[in-house]
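Before any comments, here is the structure.
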Amino acid sequence: MQLPTMPSFSLKGRSALVVGASSGIGTACAVALAEHGAKVTVAARRKEKLQILVNQMKKRNYEVQILVMDINNVEETKEIISSHSSYDILVNSAGIAKHSAAKDTVLDDYDIVMNTNLRGAYFLTQSVSKKLISSKKPGSLINISSQMGLVGGQERAVYCASKHAVEGFTKSMAIELGVHNIRVNTICPTFILTEMTQKTFEVPEKRNWIENKIKIGRIGKVEDIMGAVVYLASDASSLVTGSSLLVDGGWTAG
């Protein structure tokens with residue numbers, strides 16, 4: 001009897017682009033990938049915050065560099081990606097939320113959310129995949145979606161719409177790109193305590209609502225996403241594509 005061999009979680013020799021890396025989940029993803037051996041390019045609009053991150057990561061001897069970019073500028077994003085060597089791994093954690101009751105949604109808020117969460121994410125993923133195809137390289141493309149890409153939520157109609165759309169294009173791209181050995185998946189977190197979500201947790205009734213919906217009984221931490229991103233980036237998930245990896249504490253199970 002020949003025992004099976006465990007696929008490797010090592011990312012040594014691979015390059016990763018983490019967009020939205022300047023805070024929260026993006027920062028955690030960058031650290032996780034670097035810790036497992038990837039050469040990480042951290043990208044966001046705010047160079048100052050990226051520099052602080054890079055300084056801290058280099059103290060751990062991680063291989064990391066900065067790329068200033070705004071995925072809302074689609075043409076510039078395309079040019080940046082095409083001018084760099086292909087990335088083996090993409091993690092897109094850039095995102096924004098503008099919460100209100102659906103009846104109160106204004107056009108500007110709708111456009112801001114959709115331009116970043118959907119339009120920007122779509123063309124970023126497209127650009128990285130095209131570079132991989134032209135380089136004849138396999139890859140793992142990961143979009144940070146949300147549990148709200150699978151269910152609805154109060155005061156989140158636009159945000160939910162954007163994340164449901166991310167789930168849709170991820171599945172379609174996975175079908176098309178599979179022949180090139182390029183995998184496309186999402187990670188769908190529950191409410192994670194970050195700079196962006198802090199205000200929500202400061203409202204007692206909202207925090208109670210969240211904690212009651214999460215079956216594990218606690219809110220999420222950025223560390224909860226780190227194992228998921230390493231798994232999807234590595235050979236351990238080599239047959240996983242077009243999937244949504246829920247990190248939601250059981251929210252959607254109920």
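In this text, all values refer to a predicted model and were calculated from it rather than measured experimentally.
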Open item on the list: Does any part of the side chain of I187, heavy atoms only, come nearer than 4.5 Å to the side chain of V229, both counted from C-beta?
Closed with: yes
TODO: Treating Ile, Leu, Val, Met, Phe, Trp and Tyr as nodes and any side-chain heavy-atom pair under 4.5 angstrom as an edge, say whether L50 and M57 lie in one connected cluster.
DONE: yes
Task: Hydrophobic cluster identity match, V42 and I71, side-chain contacts under 4.5 Å - done: no
Task: Any side-chain donor near an acceptor of the partner, D248 and T190, under 3.5 Å - done: no
Task: Donor on one side chain, acceptor on other, S145 and E167, under 3.5 Å - done: yes
Open item on the list: Under a 3.5 Å cutoff, is there a donor and acceptor pairing between the side chains of T125 and N143?
Closed with: yes
TODO: Find out if a path of hydrophobic residues (ILVMFWY) with successive side-chain heavy-atom gaps under 4.5 Å connects V230 to V222.
DONE: yes
Open item on the list: Whether the side chain of K221 engages the backbone of I219 through a donor-acceptor N/O pair (distance < 3.5 Å, no angle test) should be reported.
Closed with: no
TODO: Ignoring hydrogens and angles, tell me if any N or O in the side chain of T27 forms a donor-acceptor pair with the backbone of A21 under 3.5 Å.
DONE: yes
Task: Separation between CG of L124 and OG1 of T116, rounded to the nearest 0.5 Å - done: 11.5 Å
Task: Main-chain N/O of G220 paired with D224 side-chain donor or acceptor, under 3.5 Å - done: no
Open item on the list: Can a donor-acceptor pair be found, under 3.5 Å and without considering hydrogens, that links the side chain of N117 to the backbone of I96?
Closed with: yes
- [ ] Find the distance between CG (L33) and CG (L17) and round it off to the nearest 0.5 Å.
- [x] 10.5 Å
Open item on the list: Quick check for you: to the nearest 0.5 Å, what is the distance between I144 atom CD1 and I192 atom CD1?
Closed with: 10.0 Å
Open item on the list: Has T194 got a side-chain atom pairing as donor or acceptor with G24's backbone, closer than 3.5 angstrom?
Closed with: no
TODO: Kindly say whether V240 contributes a backbone atom to a donor-acceptor pair with the side chain of S243 at under 3.5 angstrom?
DONE: no
Open item on the list: Donor-acceptor check, side chain of D109 to backbone of V106, threshold 3.5 angstrom: yes or no?
Closed with: no
Task: Check: S15/D88 side-chain N/O donor and acceptor closer than 3.5 Å - done: yes
Open item on the list: Using the rule side chain to side chain donor-acceptor pair (under 3.5 Å), only one of K47, R45, R46, Q51 pairs with S22; which is it?
Closed with: R46
TODO: Check for a donor-acceptor pair, side chain of T105 on one end and backbone N or O of A102 on the other, with a separation under 3.5 Å.
DONE: yes
Task: Between R207 and T200: side-chain donor-acceptor atoms closer than 3.5 Å - done: no
- [ ] Please round to the nearest 0.5 Å and tell me the distance separating atom CD1 of I214 and atom CH2 of W209.
- [x] 9.5 Å
Task: Flag if over 12 foreign heavy atoms under 6.0 Å of NZ, K58 - done: no
Open item on the list: If I take atom CD1 from residue I81 and atom NZ from residue K78, how far apart are they, to the nearest 0.5 angstrom?
Closed with: 12.0 Å
- [ ] Inspect the contact between K206 and E211 and indicate whether a charged nitrogen and a carboxylate oxygen are less than 4.0 angstrom apart.
- [x] no
- [ ] Verify the distance criterion only: is there a donor paired with an acceptor across the side chains of S8 and D235 at less than 3.5 Å?
- [x] no
TODO: Using modelled atom types only, decide if a donor and an acceptor are shared between the side chain of K137 and the backbone of K131 within a distance under 3.5 Å.
DONE: no
TODO: Please work out whether the ring planes of Y231 and F9 are parallel, tilted or perpendicular, with thresholds of 30° and 60°.
DONE: tilted
Open item on the list: Just verifying a value: how many Å separate S162 OG and Y110 OH, rounded to the nearest 0.5 Å?
Closed with: 9.0 Å
Open item on the list: Is it the case that the side chains of S23 and E195 hold a donor-acceptor pair, with the cut-off being a distance below 3.5 Å and no angle test?
Closed with: no
Task: Check: T241 side chain, R183 main-chain N or O, donor-acceptor pair, under 3.5 Å - done: no
